[in-house]
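Single-structure report; data block below.
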Amino acid sequence: MNRSILILCAALALVALVPGNASAHATYVSSTPKPDSIFPYNATPTSVSITLSEAVESGAGTIHVTNATGTRFDVPPVTPSGAGRTMTIGVNRTGSGIITVTWTAVSAVDGHFTAGSFAWCVQNPDRNGTGCSGAGLGATSSGAPVSPFEVGLRFIAFFGLAAALGASVLGAFMWIPAGRDPDVKETPGYRLGFQVVTNVGRIGAFGFALAYAGLFLLTDALESSGGSSSVVGSPYKLSVILSLGVGAVLFVVLSNAFTRARKDPPESTHRYLLLGALLGFAAIAIGSAGTHAAAVQSLGGISSYFGIDPLAPLNAIAPAIGTLADAAHIAGVALWVGGLVTILAARSFLREPTSVPLARIVLGRFSAMAFYCVGLVLIGGLVLALLLVGSWDALFSSGYGWVVLAKVSLFIPMIAFGAYNRYRLIPRAAETGEPAAAFRQLTWNVRNETAIGATVLVLAAILASLTPAVSVFAGSTEFTLNDTVSGIHIQMIIDPPPASANISYTVQFLLTWASNGSAYNFGKNTSVITFQSETNPLPPQTLPLDGPHGNHFFITTLAMSQPGTWRIQPRFVRSDGFDLITTFHVPLTGGS
Ligand code: HEM
């Protein structure tokens, strides 16, 4: 084996393990209210919505809302929305103080448990009482870090399926047809090598089924209270159980082919191999329906590249595109890597000088198929990257993005080896008087290509266990504008994010020293805010700001009554200097 290849594979697999420590699964993305929000005592939230990076298994999400004494204010049930990624619960009126939200969820995409919490603060009606500081802990969400055991099982599943499908297709469409050539049929390598081909398929199917049995045990399907509904409610669990079933049948079919190949001519096993290939493709379709790609909610990088609004109806086709791209990707991978593994296992029979006619047909046909497989892997991979990575920023700055980059960088030498075989060694085998030498070199290259392919499958197993970058980067869509006046930083937050006119908005201001970010607490309670429409001939409205609560001022108002651009001008009266005045502009589209 080429030493530099081994070092490259090992180095990239190690790099890829770094992000593996990140916690995967359904993690916190955003919520309404947001963590550390501050609410006036007379306008406390009446519901909580939490959006996670992955869909939650139906019935497997919980939200509790409590105050400092543990009194609960949440009003079940938890209702799912946003294709299962958002869970909402009603909330009774709470008093002032810190209100904590704790949530738990089981991901419908990978069957794992996550939990998290965040808090908001309700202002004390008594201005002299303890107010809300605005300083907070943000949102936490924790789940088990990516388990190497799970990555190992996913790798065995990918490798096993590749071997089973690759061997079935190579046997049925390359090896057996080669036997129609009388020169081939008589060679010992034809029958003996074929037994190796069917054995690779059978072992691959066994590995695939075993790995899915392990993945099934890793989910909580056996101990979860939801029982069968927890399986039906989770595309992931459903695909694991169905894959286990198909894997078991595939093993039986290919074991039959192997047993027959040991006593009868290869042709007698043709229909078993065809069935094996069919089951292999069925396993791919089932598997793809339970992946990140099948759970995407928007066209990700495709949307941002073509400027498609993330809420546009076109995004409804994203899950179908994701599932198709994943199926195409893994079909190309399985046929390519599976074929390589089978050739590698049967190489001693292909390298025999007597087996040159067999090698010419099998390797020639495989190389032709591999050409199309590379196309499937590339196009499927690019679409998956657009949907699941979503931006250049996410590609270069997220653990998930790094693993995709590591895969791409190994994809290149894999193609190089394949191209060298296809455009150099196979023609040379046809022209030269020494075809066996060319096939010997070719099978040597196949060894390197397979080693790289196996390493990429390890990376793919890590990738499938991580949270896609696009979900993590979705992030909260908090609307905030900032300005600095006289060395004081003024952050304005509008909740909900401004869109329609004539609805109630809470406009909050946090004042901090621009020099060090510490709270600026010299505002006075005679501070006001003026709303002026720049589009409609409406009189300006000047209203008192509630505060200061430390460095925090706010108002809940319907002042922005008409669509158009609004000029918002707070005036903070100070005890340590001239009034602080700044101006923000906010566009409102609908509503009036
Ligand atoms: C241009 C090169 C490639 C790109 C951009 C790419 C990208 C991706 C992405 C984004 C995923 C989705 C992972 C997820 O579910 O979160 C994926 C899955 C996968 N990739 Fe690739 N990949 C490439 C090449 C390869 C190669 C060369 C192989 C194997 C030799 C491979 C094997 C896999 C496998 C087995 C999966 C898992 C699919 C599943 O879970 O159903 N990829 N790839």
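First listed ligand is number 1; within each ligand, the first listed atom is number 1. Here, residue 1 is the first one in the sequence, and each next residue gets the next number.
In this structure the side chain of Val356 never reaches within 4.5 angstrom of the side chain of Leu350, judged on heavy atoms. Using a 4.5 Å heavy-atom threshold, the side chains of Val296 and His292 count as separate. Side-chain contact between Trp336 and Phe366 is present, with at least one heavy-atom pair separated by less than 4.5 Å.
The distance from ligand 1 to the heavy atoms of Leu388 drops below 4.0 Å at these ligand atoms: 12 (C), 14 (C), 16 (O). Those atoms of ligand 1 with a heavy atom of Thr291 less than 4.0 angstrom away are 39 (C), 40 (O), 41 (O). Counting the atoms of ligand 1 from 1 in the order shown, those under 4.0 Å from a heavy atom of Ala385 are 10 (C). Close approach of ligand 1 to Leu378 is summarised as follows: ligand atoms under 4.0 Å from at least one heavy atom of the residue are 1 (C). Close approach of ligand 1 to Val337 (heavy-atom distance below 4.0 Å) involves ligand atoms 30 (C).
If you check the side chains of Thr104 and Thr62, you find a donor sitting under 3.5 Å from an acceptor.
Under the 30°/60° scheme for interplanar angles, the aromatic rings of Phe194 and Trp175 are found to be tilted.
Of the candidates Phe411, Phe159, Trp336, it is Phe411 that places a heavy atom closest to atom 1 (C) of ligand 1.
Contact between Glu150 and Ser465 at its shortest, heavy atoms only, is OE2-OG, 3.5 Å.
In terms of polar-atom proximity, Tyr400 is counted as a contact of ligand 1, with an N or O under 3.5 Å from an N or O of the ligand.
In terms of protein heavy-atom proximity, atom 39 (C) of ligand 1 is nearest to Asp326 OD2, 3.4 Å. The protein heavy-atom contact nearest to atom 15 (O) of ligand 1 is His292 ND1, 3.4 Å. Among protein heavy atoms, the minimum distance from atom 37 (C) of ligand 1 is reached at Phe158 CZ, 3.5 Å.
Note that CG of Leu279 and CG of Leu250 are 5.5 Å apart. Values are rounded to the nearest 0.5 Å. Going from atom CD1 of Ile286 over to atom CG of Leu242 covers 5.0 Å, rounded to the nearest 0.5 Å.
Protein atoms of type N, O or S found under 2.8 Å from atom 21 (Fe) of ligand 1 total 2.
The side-chain hydrogen bond (donor to acceptor under 3.5 Å, both in side chains) contacts involving residues 238-252 comprise nothing, where partners must be two or more places apart or lie in separate chains.
No side-chain donor-acceptor contact under 3.5 Å links Arg85 to the backbone of Ala55.
Remark: aromatic rings of Phe208 and Tyr212 are close, center separation under 6.0 Å.
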